[in-house]
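Below: one structure, written as structure tokens.
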Number of protein chains: 2
Amino acid sequence: MFNVSTRVQYGFLALLALADGDGKTPVRLGSIARDLHLSFKYLENIFQSLVKARIVRGTRGPEGGYVLERDPRSLSLYDIFRALEGPVFTVECFDEESACRHLALCPVRDLWGELRGSLEKFLKRRTLADIKSKYKKPVVLAHMEMFGVAGEETGKKESASI
Amino acid sequence: MFNVSTRVQYGFLALLALADGDGKTPVRLGSIARDLHLSFKYLENIFQSLVKARIVRGTRGPEGGYVLERDPRSLSLYDIFRALEGPVFTVECFDEESACRHLALCPVRDLWGELRGSLEKFLKRRTLADIKSKYKKPVVLAHMEMFGVAGEETGKKESASI
DNA sequence: CTATTTCCTAGTAAGTTGGTATGAAATATA
DNA sequence: TATATTTCATACCAACTTACTAGGAAATAG
């Protein structure tokens, strides 16, 4: 089954929000969380993965926040998946440890290989800049319009967080 | 993340084994499990899903077993995934209940749609007959060669079953 | 009648997902 | 230097999913 996790969904949305900026002045996670109506704590969690993958860089303290560390034109959806979920495609007979004993003889092994290839191709082709250019409006604005004026309530669904 | 579950892996392999036959005389699960070195009980479990999806038909008793109920040339990988795992692609903002409030405004919604489309296209294009035709040898034979003479031990890895 | 085989309903241990909680470290501003 | 603010780091937890296993009922060929 293919599932786009909330980590990737929220992470991607937040990266788009970062890409809205001038790329120099850091954006605080607090404001992204508020504007996008996502849990601040969860976003923090997610951004630690992005920092480790050197996709964003954070600076602490007041006036701190995150900036993109990579060019949106070369930052692919694949990179983001990798940073946030680890391996994009898994099937038993492909990982080292439990490598299946059938090897080349197995009729389906090639099939999973093709499937993985097709998936990777798709994900590597789309960059952050591509997606962004399809939408005239800044992400944050679009979301704010949907939710009306940003109020006190945050977090998604019933859960209050920040 | 995309994971090919063992249900699909084993199920697909077993279907290939079924397709090796003449399509008329039922194949017992016991022999498939033995030849492919898979857990009989788990295969039974898997085949109940295939029966419900009308992909195979079972007849009980001695000389019983399973036959394909659909033409291998029109039975796609997609059908098999659906039968064994349910939905192939999931993302929060696509399912009814938790439909996201951003709707058309959300910049990534279209993206997940394209991803799903590309995945479905791949899975719908490959049929059981396609895969089978790429391999001259019957699946079961190939496996038996790998494992040597079929012995008493069954199940995958350390687990003994049947 | 009996052995064999599928059918049906449950249960369960391990792993993954979607978060939360708590506090330490850095830094701009006063 | 003190303080408020922000990221960084570690760890925890409940709900769900995956990969099976268990036990027996129903059908059927001989």
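Letters A, B, ... mirror the listed sequences (proteins, then strands); counts begin at 1.
- The side chain of A:Tyr66 places an N or O atom within less than 4.0 Å of a non-bridging phosphate oxygen (OP1 or OP2) of D:dC8.
- Judged by distance alone with a 3.5 Å cut-off, no donor-acceptor contact links the side chain of A:Lys41 to the base of C:dG18.
- Counting to the nearest Å, the P atom of D:dT6 and the CZ atom of A:Arg28 are 5 Å from each other.
- For the OP1/OP2 pair of C:dG18 and a distance below 4.0 Å, the side-chain nitrogens and oxygens of A:Tyr10 include no atom meeting the criterion.
- Counting only heavy atoms from C-beta outward, the side chains of B:Ile32 and B:Phe40 never approach each other to under 4.5 Å.
- Remark: A:Arg7 fails to qualify as a cation-pi partner of A:Tyr10 under the 6.0 Å distance and 45° angle criteria applied to the six-membered ring.
- Side-chain contact between A:Val88 and B:Phe2 is absent, with no heavy atoms from C-beta onward closer than 4.5 Å.
- Using a 4.0 Å heavy-atom criterion, one finds that A:Gln48 contacts the bases of the nucleic acid, with or without backbone contacts as well.
- The CG-P distance, from A:Asn3 to D:dT17, rounds to 10 Å in whole Å.
- Counting distance only, with no hydrogens placed and no angle test, the side-chain atoms of B:Asn45 and the base atoms of D:dT21 include a donor-acceptor pair under 3.5 Å.
- Dashed line: the shortest gap from a side-chain N or O of A:Thr6 to OP1 or OP2 of C:dG19 is under 4.0 Å.
- Rounded to an integer number of Å, the gap from CG of A:Leu43 to P of D:dT6 is 15 Å.
- The distance from atom CG of A:Leu38 to atom CD1 of A:Ile46, rounded to the nearest 0.5 Å, is 7.5 Å.
- Residue A:Phe47 is classed as having no contact, given no heavy-atom separation below 4.0 Å to the nucleic acid.
- Comparing D:dC20, C:dT4, C:dT20 by their nearest atom to the side chain of B:Pro62 picks out C:dT4.
- Look at A:Arg60 and you won't find any side-chain N or O under 4.0 angstrom from OP1 or OP2 of C:dA25.
- Using a 4.0 Å cut-off, no side-chain N or O of B:Thr59 falls inside it from OP1 or OP2 of D:dT28.
- Per the geometry, CD belonging to B:Glu92 stands 7 Å off P belonging to C:dG19, to the nearest Å.
- You'll find the side chain of B:Leu128 stays beyond 4.5 Å of the side chain of B:Leu18, heavy atoms only.
- When each of C:dA28, D:dT21, D:dC8 is scored by its nearest atom to the side-chain atoms of A:Val51, the top-ranked nucleotide is D:dC8.
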